[in-house]
Amino acid sequence: MEELFDTINVRDLLSTHDLTDQTAPLTAPDLRLLISRLEFHSLQIKSKVQSYIASHHQDFASLFSLCNDAVSRTDEISTDLSDILGLISYRPIDKEVKEIIDEVSAKMKEARVKKELLELVRAIVEIGERLKGVKEALRDGRLRFAAEELRELKKDLRVGDENASEPLVYGLLREEWLDCFEEIQELLVKFVESAVRFEKESNRVLVKYQLTVDGLDGIELRTVLEAMEVVGILDYGLAKVADLKIKYVISPAVSYGSPITFVEELNPGPEKMSEAILRMVPSVDDKIENVDGKTIYSGIIQVVKFIHKRICLQNGSWVRCFGRLTWPRISELIISNFLSKVVPEDASKLADFQKIINHTSEFEAALKEMMFISASDNKDARLSNFAENVEVHFASRKKTEILAKARNLLLQCDFAVPQEYTGKDPICKNDGMSVDSSEHVVDLLFMSERCVVTKAASQLMKLVHQILQDICLSSTRVAFEFYHAARDAILLYEAIVPVKLERQLEGINQVAVLMHNDCLYLSQEILGFAFEALDGADGFQNTHQIQQFESAKFSIEQVVFILEKVHIIWEPLLLPSTYNRSMCTVLESVFSRITRDILLLDDMAAEETLQLQRLIHLMLENLSSLLESLAAVNQKGKTEGDFARPLDDLIPSLCKFRKLAGMFFHYCQNSFLKLVDK
């Protein structure tokens, strides 16, 4: 059949025509020829189709029969479908299906509820049986088992987390649980009271380890404490013991005038230790006093050790519980009966109080080691905090008192020159007047002269000297506060006097002279403190050694610091000429002292000269700003014609000081060249 449907090429039917030109029109003969040939081909196709059908007649008959059957079945399906649709329209099956599904769901829900109720009944019955077992365990003396059961039942019954929608039976079970809890709590407290007894008449504490209460024999103290911890009433059970311990043991040990000695006794039983006794024996030595707290602290440590070992049986959590119950009151007793009564009233006794602080810290460290107080919670360090704050508060109070006293001295001073010093040459050393008996005439430390100063300046320096003496007797923190007090007391002169004397300084009177003398006197005294610092350099010996070099360097830094402070105080108050002359006098004293100490050295090694050169350059560098300010003041004076002396003339030792550095440099250079030549 494929050949019937082959493509017919029209141009093949026109073989006689020139086919090269596809645009050429067909002629009438061509068309007639084409029609004739097409008719011939059509006849051939029809003949072939008839032949094919005739040869495949059976196949076509089967195909037509199959198609007829399919059509018949389609009609039957259509009829059946119409019948079903009609049936559904008269009887809605989906409603019946929904009803069936709802009925099944209700039955399943009912079965589930019955199952849950059955499980609830089983749980209620089980809880009831367990509560009954707890009561039986208490009657049998199985305290640990009863405590553990109560702890688990508390979780199951959600005690403390009640819900109003819960079944009524849960409330009844909780009430029964509370009855069991109160019963075991009462029983355990009785055991504790039986275990630890305080006999006031014989001054002793008795601890029993085999206990008998309400017909229960042979119950151990450890079992009782374990049961109390499990059920969560350890604090409640030990509270009464803690109260009695404070009342009959701790309070007498802290409050009595004479110290108490604690003696521990043990009574061993046939198998285990049956009793432990702590006796309180007043000391027969009346000379022993609780001056530094060591006796009190040692006695309390003995008591705590007895609690730790004999009552709490070396169990850390039990000891910590006992400590929480007693430590706040113990610390309060120690503070009120001891620490608050030994607070020093003057600096000379601070060193003794430092011993108390040390003993207090050691005491708390011992308690922390036994876990009686917390090692991490700073709130438990009550005694150390109080003792250390006492030191700080004392220093702060004394500083306030010092500054108040200095302020009153300056405010009350009238800056009037006494009549005996208004005559000719009133402060001559040969006038027969007792210089030491007067507060107005003072010797200048670094000048062979005396001058009249105000009573305020004289008493101010006496106050500062007293503070420095107290510093030598004080701890580091107190000394630091006292240092600031001394410094601020001197600075008060700068803050108060110029404001107080503002009107007098505008006129011509003796107030300005007195103020000048005060500043000169204060500067000389302050410079004296600086020489205290120079003494620490130890004459600048052995500076090639690291320790000696660091000591000399530190001394120079202290001197520079003092000189800067003097500069800050003087420059705003004094006239430029007076400031320049006074400051140069102070610097001359410093440079001459250092130069003299260095020149007195002999047999210096090359390394030593190099270190000395470093120290000289260090001091010149640190004082460069001060020397530049003096040079500026001096230059200004030259232009105004007030004074014309160069700075090197005002400070002769400065030139020597610089030449000394140059000499050390050349010495080191020559030593190096000799070494290279070798």
Side-chain angles (χ1 to χ4, degrees), residues 399 402-403 406-407 409-411 413 415 442 444-447 451 453-454 456-458 460-461 463-465 467-468 471 480-502 505 511-512 514-534 554-591 593-594 618-637 647 650-651 654:
K399 178 181 178 181
I402 290 169
L403 294 180
R407 182 175 179 273
L409 287 175
L410 296 172
L411 290 176
C413 181
F415 281 83
V442 294
L444 300 177
L445 292 179
F446 306 104
M447 302 175 67
C451 65
V453 297
T454 62
S458 175
L460 181 64
M461 286 314 304
L463 179 62
V464 170
H465 280 284
I467 297 172
L468 296 178
I471 287 176
F480 193 69
E481 291 293 326
F482 281 0
Y483 157 73
H484 284 100
R487 179 199 64 185
D488 295 344
I490 297 176
L491 291 176
L492 281 176
Y493 190 97
E494 174 191 1
I496 294 176
V497 173
V499 177
K500 179 182 178 181
L501 303 179
E502 183 177 4
L505 293 176
V511 171
L514 280 177
M515 185 174 174
H516 166 267
N517 288 353
D518 284 353
C519 292
L520 183 60
Y521 168 61
L522 294 176
S523 69
Q524 295 279 300
E525 292 295 322
I526 293 172
L527 184 58
F529 303 151
F531 287 156
E532 287 177 14
L534 281 177
F554 178 72
S555 298
I556 286 179
E557 290 174 347
Q558 283 186 305
V559 171
V560 172
F561 175 76
I562 296 295
L563 291 174
E564 287 290 347
K565 295 298 290 185
V566 173
H567 160 65
I568 293 173
I569 295 174
W570 283 3
E571 189 174 24
L573 298 177
L574 299 178
L575 293 173
S577 59
T578 305
Y579 163 73
N580 193 71
R581 183 172 62 255
S582 301
M583 200 72 216
C584 289
T585 302
V586 174
L587 289 172
E588 168 62 21
S589 301
V590 174
F591 286 126
R593 163 73 184 274
I594 298 176
L618 173 66
M619 185 167 188
L620 290 174
E621 181 180 355
N622 291 340
L623 290 176
S624 59
S625 61
L626 177 58
L627 294 175
E628 289 173 1
S629 69
L630 287 173
V633 173
N634 195 32
Q635 184 65 31
K636 184 179 179 181
L647 193 61
L650 296 173
I651 313 176
L654 177 60

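When reading the values below, keep in mind they use all heavy atoms of this one structure, side chains included, and skip hydrogens, waters and symmetry mates. As the structure is a prediction and not an experimental result, all values here were calculated from the model.
Going from atom CD of Glu621 over to atom CG of Leu627 covers 12.0 Å, rounded to the nearest 0.5 Å. Note that CG of Leu587 is 5.5 Å distant from CG of Leu626, once rounded to the nearest 0.5 Å. In this structure, Ile651 CD1 and Phe591 CZ are separated by 6.5 Å, a value rounded to the nearest 0.5 Å. Taken to the nearest 0.5 Å, the NZ atom of Lys399 stands 10.5 Å off from the CD1 atom of Ile467. Atom CD1 in Ile562 sits 14.5 Å away from atom NE2 in His567 (nearest 0.5 Å). Taking CE of Met461 as the reference point, atom CG of Leu468 lies at 7.5 Å (rounded to 0.5 Å).
Here the shortest heavy-atom pairing between Leu492 and Arg407 reads CD1-N, 4.0 Å. When all heavy atoms are compared, the tightest approach of Glu564 to Asn622 is OE2-O, 4.0 Å. The minimum heavy-atom distance between Ile402 and Leu463, with the atom names listed, is O-CD2, 3.7 Å.
With a 4.5 Å cut-off on side-chain heavy atoms, Met583 and Glu571 do not count as touching. The closest side-chain heavy-atom distance from Lys565 to Ile490 is not below 4.5 Å.
Taking the six-membered ring where the residue is Trp, His484 and Phe480 present perpendicular rings, their angle passing 60° and hence far from 30°.
Legend: residues meeting side-chain contact (heavy atoms from CB on, under 4.5 Å) with Ala456, ordered by chain and number and at least two apart, are Leu410, Cys413, Thr454. Among residues two or more places apart in sequence or in another chain, the side-chain hydrogen bond (donor to acceptor under 3.5 Å, both in side chains) test is passed with Glu557 by none.
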